[in-house]
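Notes follow once the structure below has been shown.
Every heavy atom of this structure was used, including side-chain atoms; hydrogens, water molecules and symmetry mates were not. Residue numbering restarts at 1 for every chain, and letters A, B, ... go by the order of the sequence lines. What you are looking at is a predicted structure, and each value in this text was computed from that prediction instead of being measured.
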There are 2 protein chains.
Amino acid sequence: MLDATSSYKPMDLRIPVADRTGHRTVPETTRRTDRIPGTRYGNRPTMKDVAARAGVGLKTVSRVVNGEPGVTPETERRVQEAIEALGFRRNDSARVLRKGRTASIGLVLEDLADPFYGPLSRAVEEVARAHGALLINGSSAEDADREQELVLALCARRVDGLVVIPAGDDHRYLEPEIKAGVATVFVDRPAGHIDADVVVSDNYGGAHDGVSHLIAHGHRRIGFIGDMPRIHTAAERLRGYRTAMEDAGITVADSWMSLGVTDPERVRRAAEEMLSGPDPVTAIFTGNNRVTVTVIRVLAGHTRRVALVGFDDIELADLLQPGVTVVAQDAAALGRTAAERLFRQLDGTLLAPERIELPTRLITRGSGELPPAD
Amino acid sequence: MLDATSSYKPMDLRIPVADRTGHRTVPETTRRTDRIPGTRYGNRPTMKDVAARAGVGLKTVSRVVNGEPGVTPETERRVQEAIEALGFRRNDSARVLRKGRTASIGLVLEDLADPFYGPLSRAVEEVARAHGALLINGSSAEDADREQELVLALCARRVDGLVVIPAGDDHRYLEPEIKAGVATVFVDRPAGHIDADVVVSDNYGGAHDGVSHLIAHGHRRIGFIGDMPRIHTAAERLRGYRTAMEDAGITVADSWMSLGVTDPERVRRAAEEMLSGPDPVTAIFTGNNRVTVTVIRVLAGHTRRVALVGFDDIELADLLQPGVTVVAQDAAALGRTAAERLFRQLDGTLLAPERIELPTRLITRGSGELPPAD
DNA sequence: TAGAGCCTGGACAACGTTGTCAGGCTCGGG
DNA sequence: CCCGAGCCTGACAACGTTGTCCAGGCTCTA
């Protein structure tokens, strides 16, 4: 389906310079992507063309285009006319080169298609827009290499700032960038080995609340299904679960916990195992939205009633029978907070890096119907 | 919350040149955003610095950075060392200026936070990635002016191509861009007054199928709640509804149809009206995912059983009681198809603009439980 | 009426990179 | 031993824009 061998190889985004191995990447084939000399790409008119047509100087065109004062209405009219006629559009690459700022920020997240990141991304975009900046984004697919590749590509484009949802756990590669003035904020998960602004949810507290809720309703055999423990949020939520259980004097059996990739098949198997066996759980706490959805499906196929509390809110969770209680984080607030901090860095209003933790909210649904422990 | 008055005003993204009114935008305040002359922004090292440090020529650095052949291992080592030491990162703005292509494409859609656009956006990104390009995106918020503003900003950055989900209905402003070689594909909705590639779902057919499904189950008084009719998809779906009803010999009462903005309040009111009154509907066909969700909520509060079929699939729709039958479109396929066509335009493999229509799929859920007509 | 000051317009350099081209080096063969 | 071929290397211009600076023409005042 994807045809990566087509003749459109605009540029090599990878920067051989700083790759992991320290070796430079040698292109397998000679790249022939340069325009034929003398042929302007797409033949776009430049300010020079506009100036020539309007019979004015180059700088005068620049003035008109940028709305600078000091141009006679008559002259301006002529310039506007030429612009219109030629379909001129200012080339921001050249502009950026001259001015030093790109008016764009980068957002690197895990997966744009995940409903959790949509609102986050949108929130970042809105803040960027309010500051006159564009948003460039990319998905890391939870792959540290790809994250780095993306981030460096963005830096090469000289984004003014970066909002990163870390996939990897070592971000020292960003040091020169930050030193060079690229504003950087990490969201959802902390950065690794680097001192930078971080905006996260209270994953530990949220999970603790959710599990405590189950305990308060009489549950003692509570399962936990979460993401890979190397992901910080997953580890924190597990910690919340463990502590809540501990606080209630409950000893957690190993078979009650399942951590790993969150694809439906694995989660389904994990849930089934917890629900069968000699010592089945009476309630499950799920570590994120994807897991929750899968477990809801599993439970729907069971006759026995099992209580469920999930991290992250899910649309329509209130309409299920029984309703699903969740620990909700505010994805939009995460994005907004991060982006605002980013622009404050660019302002120079911000001094030391800080860690900001946003509260979660327990949304109780159908709790009255929670099946009791035994 | 948003502080748009901060001192970070990197650049004016709006291009006064081509604004709607034809007047140029005069900045209210004198912009003082230029770097202090002589102070390099962020003090980033350039190839020149690297060259100086490595004791080689400028071009040699360029060669090393781009993996071009013809550099002694020893020389390369020295250059690499200097690069490492200085934290040099190639400036793609300058590169773009020289080469003419940016290796980035733009995506303008309605709202990144809408679950329908997440997968679409991700699909576009994957195709772009396969072709070595980055994705810049922006939300038009269903506002034609904002769409144009965004598109022109992207053109000013010289994106190689554009994927646009139109908010406005006149895209003649894109003519000079397309003529200048910016590959352009419209998705989800057709372009206005311009001949360009379009990738859409079979909105008419899908709606027809969905409504026919209801009719086949004995319903005759079927309501339709959809988006504003100026939105092409909404109009097409309405047409599907009308035709399906007509085909079945059913005369549609005006009170059965409600078109307008899709915020929950309006939709709720529309649904309530259809369900009460002298001639209440026994089934509702909803025009998109947001409407469907709201109507599900309304129906949950009613004792009378009302059948529901919605356009767009919804997560967990299968677990609701009763399950919600939907007309599903493949958002990812829309994005993928559009992006692939875009790169084929850039290849030069593509000739005449075309209109591609992707099929929809009726997903039947809980149909056996559909309450009959009376 | 002359001089000061303002307004308009344009020439020019610089931003950082890449393509062209030419010069210098080494090495092998005559 | 000399010359040409071939390989490395670097000087230079150009990409399109913007900031600086200056020139020329105008108005206004003394």
Hey, is the side chain of A:Arg98 pairing donor to acceptor with the base of D:dT18 inside 3.5 Å?
yes
Is there a donor and acceptor pair closer than 3.5 Å between the side chain of B:Arg63 and the base of D:dG10?
yes
Nearest-Å distance for atom pair [atom1]/[atom2], residues [X] and [N]:
X        : N      : atom1 : atom2 : value
A:Met47  : C:dG10 : CE    : C1'   : 14 Å
A:Arg89  : D:dC15 : CZ    : C1'   : 20 Å
A:Arg78  : C:dG9  : CZ    : P     : 8 Å
B:Asn66  : C:dT17 : CG    : P     : 10 Å
A:Leu97  : C:dA14 : CG    : C1'   : 9 Å
B:Glu68  : D:dC8  : CD    : C1'   : 13 Å
A:Arg158 : D:dT17 : CZ    : P     : 20 Å
A:Leu58  : D:dT18 : CG    : P     : 9 Å

Residue list, side-chain hydrogen bond (donor to acceptor under 3.5 Å, both in side chains) with [X], at least two apart or on another chain:
X        : answer
B:Ser139 : A:Glu125
A:Gln345 : A:Asp197
B:Glu175 : none

Touch class at under 4.0 angstrom, heavy-atom based, for A:Ser93 against every strand present
nothing
When we call it a touch if two heavy atoms are under 4.0 Å apart, what does B:Ser62 touch: a base, just sugar-phosphate, or nothing?
base
Between [X] and [Y], does any side-chain N to carboxylate O distance fall below 4.0 Å?
X        : Y        : result
A:Glu126 : B:Arg146 : yes
A:Arg44  : B:Glu177 : yes
B:Glu74  : B:Arg77  : yes

Under the side-chain contact (heavy atoms from CB on, under 4.5 Å) rule, collect the residues that match up with B:Leu86, sequence neighbours excluded.
B:Pro45, B:Asp49, B:Val50, B:Arg53
Could you tell me which non-hydrogen atom of B:Ala191 sits nearest to which non-hydrogen atom of B:Ile194, and how far apart they are?
CB-CG2, 3.4 Å
Do any side-chain nitrogens or oxygens of [X] fall under 4.0 Å of OP1 or OP2 in [N]?
X       : N      : answer
A:Asn91 : D:dC15 : no
A:Lys99 : D:dG19 : yes
B:Thr60 : D:dG10 : yes

At under 4.0 Å between heavy atoms, how does the protein contact nucleotides 23-28 of chain D? Give one character per nucleotide, 5' to 3', with B, S or -.
------
5'-most by nearest nucleotide on DNA chain D - A:Lys48 or B:Thr75:
B:Thr75
Upstream residue (5' side of DNA chain D) when B:Lys59 and A:Lys59 are each assigned their closest nucleotide
B:Lys59
Short heteroatom pairs, N/O only, protein and nucleotides 5-7 of chain C, under 3.5 Å:
none

Examine distances only and state if a side-chain atom of A:Ser104 and a backbone atom of A:Leu134 form a donor-acceptor pair shorter than 3.5 Å.
no
Rounded to the nearest 0.5 Å, what's the gap from CZ on B:Phe343 to CG on B:Asp160? Could you check?
7.5 Å
